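Bear in mind that the values here come from a model prediction, so they are computed numbers and not experimental data.
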Amino acid sequence: VVAQEFAMNTAGMSDVVQLEEGWKRMQEGIDKFTQIMESDFRESFPLALHSELYTTCYTMCTQKAPYNWADELYKRYQLMYDSQLERVVLPAIKAKHGEAMLHEFAKRWKNHKLLVRQMWKLFVYLDRFYIKRVSALPLKAVGVQRFELAVFNQVKDDVRAGVLGLIEKEREGEQVDRELLKSVINVFVEIGDWRPLFPTRVGEEIGDIGAARLNVYVKELETPLLNASKEFYAREASQWIGSDSCPEYLKKAEARLQQEVARVAAYLHSSTEEKLLKDIEEQLLANHQQALLDKEETGCRALLREEKTEDLKRMYKLFMRLPNSPTCGLQPISQIVRDHIVEVGMSLVRKEEAEKDHTNYAQQLIDLHDKYLALVQGPFGNNSLFQKVLKEAFEVFVNKEIGNCTTAELLSTFCDNIMKTGGDKIEGEIDLLLDKIVMLFSYLSDKDMFAEFYRKQLAKRLLLNRSASDDDERSLITKLKYRCGAQFTSKLEGMLTDMNVSKDNQNNFSAWMRKSEVNLGIECSVTVLTTGFWPTYKVDEVTLPHELLKCVDTFTRFYESRTSHRKLKWIHTLGTCTVIGRFEPKPIELVISTYQACILMLFNQQESNSTSDICRDTKLPMEELKKYLQTLALSKYQILLKSPNPKSKDIADTDVFTFNRKFTDRQRKIKMSLLVTKVSQDEKLSTKQTVDEDRKHAVEASIVRVMKARKTMTHQNLVMEVSQQLMKLFKPDPKIIKNRIESLISREYLERDKDNQGVYKYLA
């Protein structure tokens, strides 16, 4: 039994793979693979040998103790790399210089990765079982680590110097091997790739695994590259700034930035792009921004003057990259743009002040705004900063007075000209022009002044049938409503509503006359206006001809039969009449005002009337009467003849006017000058007085609103809050606010604090 057991043990021992014997087989296989690798893989690694080596490793790792060689195999696996790298790879790299050294370095790393992959296949059993059990570094990571320690750390300074040298050569215009650079730089990335997943150093900080993968690349290559780039571009920028114009400099800077983006895409890691561009932008743009913008003949101001949109677009795109501050990025450019627009605008104001006729001023402002809006929306990318400076710049000069006229008045008159029949014909889309008008309107500080002038002119257009389009009228009012709110346009909308209601009234009036069998003998149309919506007109005491008096009485009866709560006041200032003049050559229809009709109807009774007779019979004020007589006797259409001194423009109380029977004209219908169509100087003054009065009420209402909410407030805070509330309509004068506060104190809406005179209290 003893002999048999001994024989069995001897047979078992003969199947065990001893350490040295097994490693000798493994080493022979490894040497065979390195020979094939050194000969550039002219032959392939035999599959049978691969299977034999795998089996050997498997057997050595699965034998029972004390013949389990897994631990020893793992140690020798590491030493195998050290031997190969120190004996073959490192000397091969150090033997070469310049680009040849870089080629060798890239080639050796490529071969080493193949070696690691092949060795992993042979020793894979270690990876799957032994390494997991003892928590050791995986085989592939060991391969990369050994290369880093034995080769990379010895040659990295020379490799880095070679890489940076090639990059500088390329920046100076030489052709370089980009594929070589890419393969060399990839080594720096791949060397660090294993570390975050398998930390091996005591106290090594991992943090973000993705970012930590690039630790070697960042430390050993990227940081030195960024420093070298800063120095290179600092030198280049100092050369350019002295010799190049601003556009030329910016073209070069743009080209350089594009080259760097292409460079990163070609062979650097993508994470470098942001840092590299930031450093280059600092050297090329930020450090020289003020000098570039201030270049006398080619800087930002010159480009604006000469309308060099392409250069301005390039400037915007480049400086948009920089952080914004008063001295950096887009802010300094926007300030120059603002100053330029103000300068151009003020020169237009000065030029316009020298002119007598300001009719075209609003159109010039619109054209100027179109020009700079196109600049903001085009080259400056519709950036909000430039939108803001455009608004600020226009607010400076749009609110300057032109002679005795405010821009609010001139803009309203411009609207009147394009909205009325026979006014300025607008080519193209009128809705687009209305948008531009409203944009200019938004820059006005006296929006309430515009509203009052516009209201008076709209009233005349509507009442004299001079409005070219109801749709356009409503469109502009809607746009103003969108800008300033419903309260701002409520009166204007009320006026349009009155006109529509009056049409219905007229139809009802006609039906009532037919039913009552009333025949006036003439056509009569009456417009009923709501007092609060329309401008205030004085109720005149003019003596109407009996034909018109009959119309007034009839309509009054009709209106009173329909409502008992409203009272009619007749205003003939804006009335119109169509009369037939029976002249000897031919009868002609005359479209005239009610006052002109009152004068002409007197000549049905007698051929001639003196000025004083006409004044007595019509009860028109003498000064006003003379103006109307001038339109009838001394204008283009001479319906009346004046004597004596028919050529004289002055009218005396004793002058006699005779009906001109011989008058004729090519047309069968003539529109006479109505006088009331234009805003007179008196109307301008009354408009401004109306606005001033309205402002007093608005200021008081705002003070009461604020104090009711706050109860107690200091003078300064009250003035500030009231100003902010009213800024949408007009810019209130602090003196007016103070006066209104005093008025409210005297009327016991507010009182001063007994202990502090600068504090107000609200009295309920």
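- Electrostatic pairing of Glu493 and Lys481 counts as a salt bridge here, judged by a charged N lying under 4.0 Å from a carboxylate O.
- Residues meeting the salt bridge (charged side-chain N to carboxylate O under 4.0 Å, His left out) test with Asp655, sequence neighbours left out: Lys642.
- Listed by chain and residue number, His340 satisfy the ring pair (Phe, Tyr, Trp, His ring centres under 6.0 Å) test with Tyr372 (two or more places apart in sequence, or in another chain).
- Residue pairs meeting the side-chain hydrogen bond (donor to acceptor under 3.5 Å, both in side chains) criterion with at least one partner in residues 513-537, sequence neighbours excluded, are Asp498-Thr530, Asp498-Trp534.
- Between Asn505 and Ser502, the side chains place no donor N or O within less than 3.5 Å of an acceptor N or O (distance only, hydrogens not considered).
- Using cut-offs of 30° and 60° for the angle between ring planes, the Phe663 and Tyr637 rings count as perpendicular.
- Atom NZ of Lys586 is separated from atom CZ of Arg666 by 9.5 Å, given to the nearest 0.5 angstrom.
- With respect to Arg661 and Glu607, a salt bridge is recorded, a charged nitrogen being found less than 4.0 Å from a carboxylate O.
- Nearest heavy atom pair, residue Val349 against residue Phe397, reads CG2-O, 3.8 Å.
- Judged as a side chain to side chain contact (heavy atoms under 4.5 Å, CB included), and not counting sequence neighbours, the contacts of Thr497 are Val501.
- Remark: Arg747 engages Glu700 in a salt bridge, criterion side-chain N to carboxylate O under 4.0 Å.
- Expressed to the nearest 0.5 Å, how far OG1 of Thr359 lies from CD of Gln364 amounts to 10.5 Å.
- Ring-plane geometry between Tyr628 and Tyr595 is classed as perpendicular, the angle between the planes exceeding 60 degrees on a 0 to 90 degree scale with a lower cut at 30.
- Side chains of Asn609 and Gln606: a donor-acceptor N/O pair is present below 3.5 angstrom, by distance only.
- Note: Arg616 CZ to Thr543 OG1 = 11.0 Å, rounded to the nearest 0.5 Å.
- Judged by distance alone, the side chains of Thr631 and Gln596 do bring a donor and an acceptor atom under 3.5 Å apart.
- No side-chain N or O of Asn399 forms a donor-acceptor pair with one of Glu395 less than 3.5 Å apart.
- Annotation: side chain to side chain donor-acceptor pair (under 3.5 Å) contacts of Glu307 (sequence neighbours excluded): Lys371.
- Among residues two or more places apart in sequence or in another chain, the side chain to side chain donor-acceptor pair (under 3.5 Å) test is passed with Glu355 by none.
- Under the side chain to side chain contact (heavy atoms under 4.5 Å, CB included) test applied with Cys415, the options Phe450, Phe453, Phe441 reduce to a single match, Phe450.
- In summary, the side chains of Glu473 and Ser467 do present a donor paired with an acceptor at a separation below 3.5 Å, with no hydrogens or angles considered.
- Classified by interplanar angle (parallel below 30°, tilted 30° to 60°, perpendicular above 60°), the ring pair Phe509/Phe555 is perpendicular.
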